[in-house]
Amino acid sequence: MTLHKKAGRLMIAGFKGLTISEEIKQLIHTYHIGGVILFGRNIGTPEEILALTRSLQREAKSAGYDVPLLISIDQENGVVRRLGEGTTIIPGAMLLGAAQDPVNARKAGELTGKELKALGINWNLAPVVDINNNPKNPVIGVRSFGEDPKKVSELAKQSMLGMQDANVMTTLKHFPGHGDTSVDSHLDLPVIPHGLERLHAVELVPFKDCIAAGADAIMSAHVYFPALEGEDNLPATLSRSVITGLLREELGFEGVVTTDCMEMDAIAKGIGTISGSVKAVQAGVDLVMVSHIHDLQEGAILKIAEAMERGDIDEAQVDRSIERINGMIANYVTWNEIEEITSVPEFVGSNGHQQEMAEIYQQGITLAGGKGDQSIAPDDKVLLIYPHNEYATMVEDKRYSTLEMAEQLKRVHAHVEVVEIDPANYEEQQLKTVTMARDFDRLVILTLNAAVQDSQRNFVDELIGTGVPSDVIAIRTPYDAALFTSANRVYCTYEFTKSAFETMAEVLVGKIEISGKLPVTIL
C-alpha cells in the first residue's frame with residue numbers, strides 16, 4: 001500500500017447529495033479512504049439511502065478494498081438524528097434518561113442499529129456519554145442521558161450493546177468529556193478546568209465502563225483540559241497525552257479512535273483543518289473526520305502522507321491504525337452481507353417499531369411541575385403558542401419542525417387555534433398574543449431554550465399571568481421547566497420529534513398518563 005493510500009485509510013469524508021459524488025469516487029479510488037459520513041443532505045427515502053450506500057460499497061469493491069467501506073452517521077436520536085420519513089423515530093438520550101430503565105436504552109439502541117443496518121449504514125457515531133452537569137452547556141444538553149455519572153454510564157452501555165446486538169459499530173463521544181462546557185466547540189475552544197480526581201470521578205466514568213463492556217470506537221472532543229495537557233489551549237483531539245497517554249495507556253482502550261469533525265472552529269480557527277489532521281494522527285488517533293470540503297479532505301491526506309515520508313508520523317503507528325480499523329469493520333460487516341441487502345426490509349419504520357418506541361416516550365415524558373392538574377376538556381377553546389425552529393447547535397438537523405405539535409393537538413382536540421412565534425421577535429409579538437389569549441379557555445405554550453432567553457421567559461410569564469389555565473411544555477432543555485412553576489402543568493419532552501408530540505397531545509387531553517422523572521436538577 002502506498003503512503004497516500006495509507007494516509008487515505010485514516011480519512012472519514014462527507015459529501016453533498018443523495019447520490020455518490022465524483023469527489024467521493026476520487027477519494028475512494030485514489031486514496032482508499034476509510035469511510036464516509038452521511039448527513040441530512042444525503043438522506044432521502046429509505047430506498048434512496050440503501051441505493052446510495054450500495055453504490056458507495058460497489059465503488060470501494062471495484063477500487064480493490066480488502067474490507068467494506070465504513071459508512072457512518074450521527075443517529076443519536078432525539079435532537080440529533082439524520083434519518084427521516086419512512087424510518088422509526090426513536091427517543092433521544094435525555095428522554096431515555098427520564099424513563100430511567102436500562103432495558104429501554106438497550107431496546108432503543110437495538111432498534112436504531114437494526115434500521116441503520118438495513119439501509120447499509122454500518123457505523124453509528126453514538127452514543128453520547130457526556131455527563132450534562134452544566135445547565136448552560138450549549139452543545140450537549142439533551143444529547144446526554146443526564147447528570148449522574150453512574151446512571152449515564154449504565155444507559156450509555158446498554159445503548160451501545162443494543163446497537164452492537166444489531167451488528168452496527170458504535171462510538172462513545174466526546175472523550176474525555178464535553179458535558180461541563182459553556183462553549184460550543186463548533187464555534188470556539190471550550191476549556192474544562194477540573195483536576196484529575198474530578199475527571200476520574202465524573203467525566204471518565206462512562207468511558208471506563210463502556211470500554212470494559214467492549215466499546216468499538218471513541219470520538220475525541222475539541223476541548224482543552226489543562227489537567228491533562230501541558231500545552232496551552234491544545235484540544236484533546238490534538239493531545240498525545242490525552243489520546244495516547246490517558247486513553248490508550250491508562251484506560252487501556254484498544255479500539256478505534258476517531259476525531260470529531262476537523263472543520264469545527266475549535267480546530268479550523270486555531271491550528272487549521274489540514275495541519276490539525278496531521279497533529280491528530282501524531283497524537284494517536286486512527287481516523288480523521290473532515291465532513292464537508294473536498295479540498296480540505298484531499299489536502300489532509302496529502303499532508304499526512306508527507307509527514308509519514310519525512311518521519312514526522314511513524315508509519316508503523318499508521319499500520320497499527322489500519323489494522324484496528326480493518327479489524328473493527330471485519331467484526332461487523334462482510335462483502336457477502338452487503339450484496340444480500342437488495343431492498344429495504346418491511347420492519348424499517350414499521351408500526352411494530354413505532355409502537356415499541358411510543359411506549360418509551362410514555363415512560364420518559366415528564367410532568368415537571370405546575371399548580372394544577374386539569375386536562376383539556378372536550379369543549380375548551382385552546383390556543384397553542386409555539387416558537388418556530390431555532391437551532392441551538394450546528395450539529396442539529398434543520399429539516400425537523402416544531403410545527404408538528406399543532407397537527408398532533410388538532411388530531412386529538414377539535415377546538416385549536418395556533419400562533420407561531422419568531423424566537424427573534426418575542427417582544428414585538430407579545431402584546432398582540434397576550435390580548436388574543438384572554439379569549440381562550442386554555443393555553444398550551446411551548447418553550448425552546450427559554451432558560452437562556454429573557455424575552456421568551458417574559459413572554460411566557462405574561463401569558464401565564466392572564467389567568468387562563470396554561471400548560472407549558474419545554475420541548476428541548478428541561479431547565480426551562482424551573483421558570484414556570486405557576487402554570488397549570490409544566491412538562492418536559494426533551495425533544496421536538498413527531499413521536500414526542502403525539503404522546504404529549506394525548507397527555508394534554510387526558511387520554512394517557514406519563515411517568516418520566518427528571519434526569520437533571522432544574523432548581
Side-chain angles (χ1 to χ4, degrees), residues 7-28 31 33-43 49 52-53 56 69-76 79-84 116 121-126 128 139 143 169 171 173-175 178 184-189 217-223 235-238 256-281 285-304 325 391 393-399:
R9 291 299 289 160
L10 310 186
M11 172 62 62
I12 300 294
F15 61 99
K16 293 179 180 179
L18 302 182
T19 57
I20 188 169
S21 70
E22 290 303 316
E23 290 84 0
I24 283 294
K25 284 184 184 179
Q26 183 240 338
L27 293 177
I28 289 171
Y31 300 110
I33 59 169
V36 300
I37 177 170
L38 303 182
F39 290 94
R41 65 195 181 193
N42 308 116
I43 302 302
I49 299 168
L52 174 59
T53 59
L56 285 163
L69 191 70
L70 284 166
I71 300 181
S72 67
I73 197 167
D74 288 296
Q75 190 66 18
E76 298 173 15
V79 299
V80 178
R81 60 193 178 102
R82 307 299 183 214
L83 300 185
L116 289 175
I121 300 166
N122 52 43
W123 184 24
N124 197 9
L125 303 176
V128 171
V139 67
R143 298 168 65 196
M169 292 167 264
T171 314
K173 60 188 191 186
H174 306 80
F175 185 83
H178 206 322
D184 183 349
S185 53
H186 290 84
L187 306 173
D188 205 346
L189 177 65
I218 291 177
M219 178 182 286
S220 63
H222 301 330
V223 177
T237 295
L238 311 181
V256 171
V257 179
T258 181
T259 71
D260 206 337
C261 180
M262 299 298 286
E263 292 161 290
M264 292 162 60
D265 284 354
I267 300 294
K269 289 188 174 179
I271 189 174
T273 297
I274 292 175
S275 296
S277 298
V278 173
K279 194 167 182 65
V281 174
V285 305
D286 302 305
L287 287 166
V288 172
M289 189 173 295
V290 182
S291 303
H292 304 290
I293 300 172
H294 176 74
D295 288 349
L296 294 178
Q297 294 160 354
E298 188 167 27
I301 292 169
L302 294 174
K303 285 296 183 183
I304 291 168
I325 296 162
Y391 290 86
T393 68
M394 293 178 68
V395 76
E396 295 178 38
D397 200 309
K398 294 176 172 54
R399 293 174 299 155

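In what follows, residues are counted from 1 in the order of the sequence shown.
Between Asp74 and the choices Arg143, Lys173, Arg81, the salt bridge (charged side-chain N to carboxylate O under 4.0 Å, His left out) rule is met once, by Lys173.
The shortest non-hydrogen separation linking Ile325 to Asp286 is CD1-O, 3.7 Å. For Leu52 against Ile20, the heavy-atom pair with the smallest separation is CD1-N, 3.5 Å. For the pair Ile274 and Gly299, the tightest heavy-atom approach, listed with the atom from each and the gap, is CG2-O, 3.8 Å. Ile71 and Asn122 get closest at one heavy-atom pair: N-OD1, 2.9 Å. Residues Val285 and Val288 come closest through the heavy atom pair CG2-CG2, 4.2 Å. Shortest non-hydrogen contact noted between Ile33 and Ala13 is CD1-CB, 4.2 Å.
Distance check: Cys261 SG to Ile12 CD1 gives 11.5 Å after rounding to the nearest 0.5 Å. Expressed to the nearest 0.5 Å, how far OG1 of Thr258 lies from CG of Leu10 amounts to 10.0 Å. Expressed to the nearest 0.5 Å, how far CD of Gln75 lies from CZ of Arg82 amounts to 8.5 Å.
Here the side chains of Val256 and Leu287 are in contact, with some heavy-atom distance below 4.5 Å.
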Note to self: Quick one, Leu27 with Ile301, criterion side-chain contact (heavy atoms from CB on, under 4.5 Å). Give me CA distance, side-chain angles, the key distance, then yes/no.
What the structure shows: CA-CA 10 Å; Leu27 293 177; Ile301 292 169; 4.2 Å; yes
Check: When you look at Ile43 and Ile49, which way does the side-chain contact (heavy atoms from CB on, under 4.5 Å) test go after all the steps?
Finding: CA-CA 6 Å; Ile43 302 302; Ile49 299 168; 3.6 Å; yes
Notebook entry, point to check: Between Thr259 and Val290, does a side-chain contact (heavy atoms from CB on, under 4.5 Å) hold up when you go through it step by step?
Noted result: CA-CA 9 Å; Thr259 71; Val290 182; over 6 Å; no
Next item on the list: Report the C-alpha separation of Asn42 and Ile73 in whole Å, then their side-chain angles, then the decisive distance to 0.1 Å, and conclude whether the side-chain contact (heavy atoms from CB on, under 4.5 Å) test is met.
Entry: CA-CA 10 Å; Asn42 308 116; Ile73 197 167; over 6 Å; no
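Proximity of the aromatic rings of His292 and Phe15 is defined here by a centroid distance below 6.0 angstrom, and this criterion is not met.
Panel note: side chain Ser72, backbone Val36; a donor-acceptor pair is recorded below 3.5 Å. Within the 3.5 Å criterion, the main-chain N or O of Ala126 finds no donor-acceptor partner in the side chain of Glu76.
Sparse packing is recorded around NZ of Lys303, with 12 or fewer heavy atoms of other residues, nucleotides or ligands lying under 6.0 Å away.
Side-chain contact check for Gln297 and Glu23: no donor-acceptor pair (N or O, by modelled atom type) lies under 3.5 Å.
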